[in-house]
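Naming convention: chains lettered A, B, ... in sequence-line order (proteins, then strands); numbering from 1 in each chain. Since we're looking at a predicted model, the values are computed, not measured.
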Amino acid sequence: MEAKMPPVIQTREIADYVGQEVIIRGWVYNRTHKGKLAFLLVRDGYGFVQCVAFKGEIDPELFETIAHIPQESSVLVTGTVRADRRAPGLPGGFEIGITGFEVVQAVVGEYPISLKEHGVDFLADHRHLWIRVPSQWAILRVRSTIISAIREWLDNNGFTLMDTPILTPAACEGTTTLFGTEYFDEGTAYLAQSGQLYNEANIFAFSKVYCFGPTFRAEKSKTRRHLIEFWMVEPEMAFCDLDGLMEIEEQFISHIVQRVLRDCRNELLSLGRDLSVLEQIVAPFPRISYDDALAKLTEIRAETDDPELKERLNIQWGDDFGSPHETELTKLFDKPVFVYGYPTGAKAFYMEPWPGRPDVSKSVDLLAPEGYGEITGGSERISDPDLLLERIREHELPEDAFRWYIDLRHYGSVPHSGFGLGVERTVAWICGIDHIRETIPYPRLINRVYP
RNA sequence: UCCUCGGUAGCUCAAUUGGCAGAGCAAUCGGCUGUUAACCGAUGGGUUCCUGGUUCGAGUCCAGGCCGAGGAGCCA
């Protein structure tokens, strides 16, 4: 009788194969050998598993091959799965006793990324290889799950996906600097910084919509929370006021966090994330007005003995919050907190004024806990055509370019609201990592477009 | 754009007052039956970011530049 080939399995399902012979197709992440005993830590894209070979149990030549296989060589490992508490991996606790071993390609020379520490510049230069290490692999798996959860919730809650253009005719909000590019005979086109204005048209056809795509900001920002190219999901809802907006946001964010907890437990644990912190991220979220937040900050500033913090927290009514303010505010809560009712002057032109207080807008930012800061920004939009035109003129925006946008308010205008969620900031918060550059496969920073 | 700090072996870093350029890891070879970034021994490995200056002598001091990091502003 012909010998049956063992099944090729994924390391994440290894617990189901204890006692069976299986094949793992992957890459050697680490190798160590101790005389007649050799250990390989093999990754296959779904996890990491330790494979063990004993000299004497297998062909001596094969043992030498295993004991000397260079890091990152591609291999086919055949062996029997067994549970062993000592075995590292993801999920750990299982290992494979090697019975067969085939080298697909043996790495020649040095693999640049060792298991020792590296500097950020070196790692960034080798991002194409860096994504293989467990921490980066885990972060990017969480990112994928977050994006899946975003789409899942919106698709299941009556939202229609509307892809808004990436090449746009003019400044959408007139605030940030845009990337320009030559556009045939039409002059300069700009890379989108938001799909919101288009979504405001889309809701009149589909009621609830979202766009999801890359966003480009040519700002010379150089901080741990800024990318030049980042991904943003922007839901927009007809017949929705500021309160309705906050309810949707908290349901949406809660779903994302709980879905990651369900599907990426091992990844989060491998990143050292405290899961209990994430487990309490369930709607409703606390809400605080800009006025009250400002009062709290003034209080904190008065109480601190740190002269540096005192200086950094210096703020007057009308100013937008900077990151020091956001950090101090979020320390007061263990859930994300809504800050609503920002001064009109600090926000974009299209925001509906507060009833009876024209200097305040019906705007709301959601600040993530643990100092991660703003992850969403949204507002109720102006629905009156005359007020909108007035605002466009006040902001000295090109009236012609906004003709279609004002037009929307003439044909069945309704109260409507929307927000934008920054995917990378959300990934950074949920994973508990310091810098946004690790939350996207190939980050674009002010001083980096390679690789 | 502003403020602060940094640039030495493939990587991470050390080098006393200005006095012979060093270590660990990685690579190559050898040893070891439970390693967790294994360990032990051996071998090879340098434009000290660049340009100019001071000095008998510069990785070290001075001037200018380049590159990077952290923070600020702006924002998601």
R82(A): which residues meet the salt bridge (Lys or Arg N to Asp or Glu O under 4.0 Å) condition with it, sequence neighbours left out?
E95(A)
Is there a side-chain hydrogen bond (donor to acceptor under 3.5 Å, both in side chains) between T99(A) and E21(A) once you walk through the steps?
CA-CA 9 Å; T99(A) 54; E21(A) 189 167 57; 2.8 Å; yes
Under-3.5 Å N/O pairs linking protein and nucleotides 43-50 of chain B:
none

Examine K347(A) relative to Y342(A) and say whether NZ or CZ is less than 6.0 Å from the centre of the six-membered ring and inside a 45° cone about the ring axis.
yes
Nearest of [options] to any side-chain atom of [X]?
| X | options | result |
| --- | --- | --- |
| K222(A) | G70(B), U35(B), G68(B) | G70(B) |
| T223(A) | G70(B), A72(B), C75(B) | A72(B) |
| I436(A) | G30(B), G34(B), A76(B) | A76(B) |

Whole-Å [atom1] distance, [N] and [M]:
| N | M | atom1 | result |
| --- | --- | --- | --- |
| C62(B) | G19(B) | P | 15 Å |
| A21(B) | G6(B) | P | 24 Å |
| A37(B) | A76(B) | P | 41 Å |
| G65(B) | C74(B) | P | 29 Å |
| C61(B) | U54(B) | C1' | 8 Å |
| A27(B) | G34(B) | C1' | 26 Å |
| U17(B) | G57(B) | C1' | 14 Å |
| G18(B) | U48(B) | C1' | 15 Å |

Among [range], which contact RNA chain B at a heavy-atom distance under 4.0 Å?
| range | value |
| --- | --- |
| residues 26-35 of chain A | N30(A), T32(A), H33(A), K34(A), G35(A) |
| residues 116-127 of chain A | K116(A), E117(A), H118(A), G119(A), V120(A), D121(A), F122(A) |
| residues 43-62 of chain A | Q50(A), F54(A) |
| residues 318-330 of chain A | D320(A), G322(A), S323(A), P324(A) |

Do we see a donor-acceptor contact under 3.5 Å between the side chains of [X] and [Y]?
| X | Y | value |
| --- | --- | --- |
| Y350(A) | Q196(A) | yes |
| D359(A) | W354(A) | no |
| R143(A) | T145(A) | no |
| E370(A) | T330(A) | no |
| E236(A) | Y210(A) | no |
| Q105(A) | S74(A) | no |
| R259(A) | S148(A) | yes |
| E249(A) | T376(A) | yes |

Between [X] and [Y], ring centroids under 6.0 Å:
| X | Y | answer |
| --- | --- | --- |
| F321(A) | Y290(A) | yes |
| H126(A) | H118(A) | no |
| F402(A) | F349(A) | yes |
| F206(A) | F159(A) | no |

Which residue lies more 5' along RNA chain B, comparing L115(A) with G420(A) via nearest heavy atoms:
L115(A)
Residue met sooner reading RNA chain B from 5', once M232(A) and R448(A) are mapped to nucleotides:
R448(A)
Do we see Y111(A) stacking on the base of A26(B), given a limit of 5.5 Å between centres and 30° between planes?
no
Using a heavy-atom cut-off of under 4.0 Å over every strand shown, decide if [X] touches base, sugar-phosphate, or nothing.
| X | result |
| --- | --- |
| T376(A) | sugar-phosphate |
| E95(A) | base |
| I113(A) | nothing |
| P88(A) | base |

Looking at [N], which nucleotide sits across from it as a Watson-Crick or G-U wobble partner, both distances under 3.5 angstrom, or is there none?
| N | value |
| --- | --- |
| A42(B) | U28(B) |
| U8(B) | none |
| C20(B) | none |

Does Q50(A) form a side-chain hydrogen bond (donor to acceptor under 3.5 Å, both in side chains) with R86(A)? I'd like the steps, not just the answer.
CA-CA 10 Å; Q50(A) 174 164 279; R86(A) 294 169 296 186; over 6 Å; no
Just the rounded figure in Å: distance from [atom2] of [N] to [atom1] of [X].
| X | N | atom1 | atom2 | value |
| --- | --- | --- | --- | --- |
| E229(A) | A76(B) | CD | P | 17 Å |
| R82(A) | G34(B) | CZ | P | 14 Å |
| K310(A) | A72(B) | NZ | P | 19 Å |
| E72(A) | A26(B) | CD | C1' | 14 Å |
| E374(A) | G73(B) | CD | C1' | 14 Å |
| F216(A) | A76(B) | CZ | P | 16 Å |
| L40(A) | A37(B) | CG | P | 16 Å |
| F419(A) | C75(B) | CZ | C1' | 17 Å |

My understanding is that only one of E326(A), E374(A), H435(A) makes a side chain to side chain donor-acceptor pair (under 3.5 Å) with R225(A); could you say which?
E326(A)
Mind checking the CD-CG spacing from E438(A) to L271(A)? Nearest 0.5 Å is all I need.
9.0 Å
Do F230(A) and I440(A) touch side chain to side chain, with heavy atoms closer than 4.5 Å?
no
At less than 4.0 Å, is any side-chain N or O atom of R437(A) found next to OP1 or OP2 of G70(B)? Yes or no.
yes
Between the base of C74(B) and the side chain of S221(A), is there a donor-acceptor distance below 3.5 Å?
yes
Pair of N/O donor and acceptor under 3.5 Å linking C75(B) base with R425(A) side chain:
yes
Would one find more than 12 heavy atoms of other residues, nucleotides or ligands at under 6.0 Å from atom NZ of K310(A)?
yes
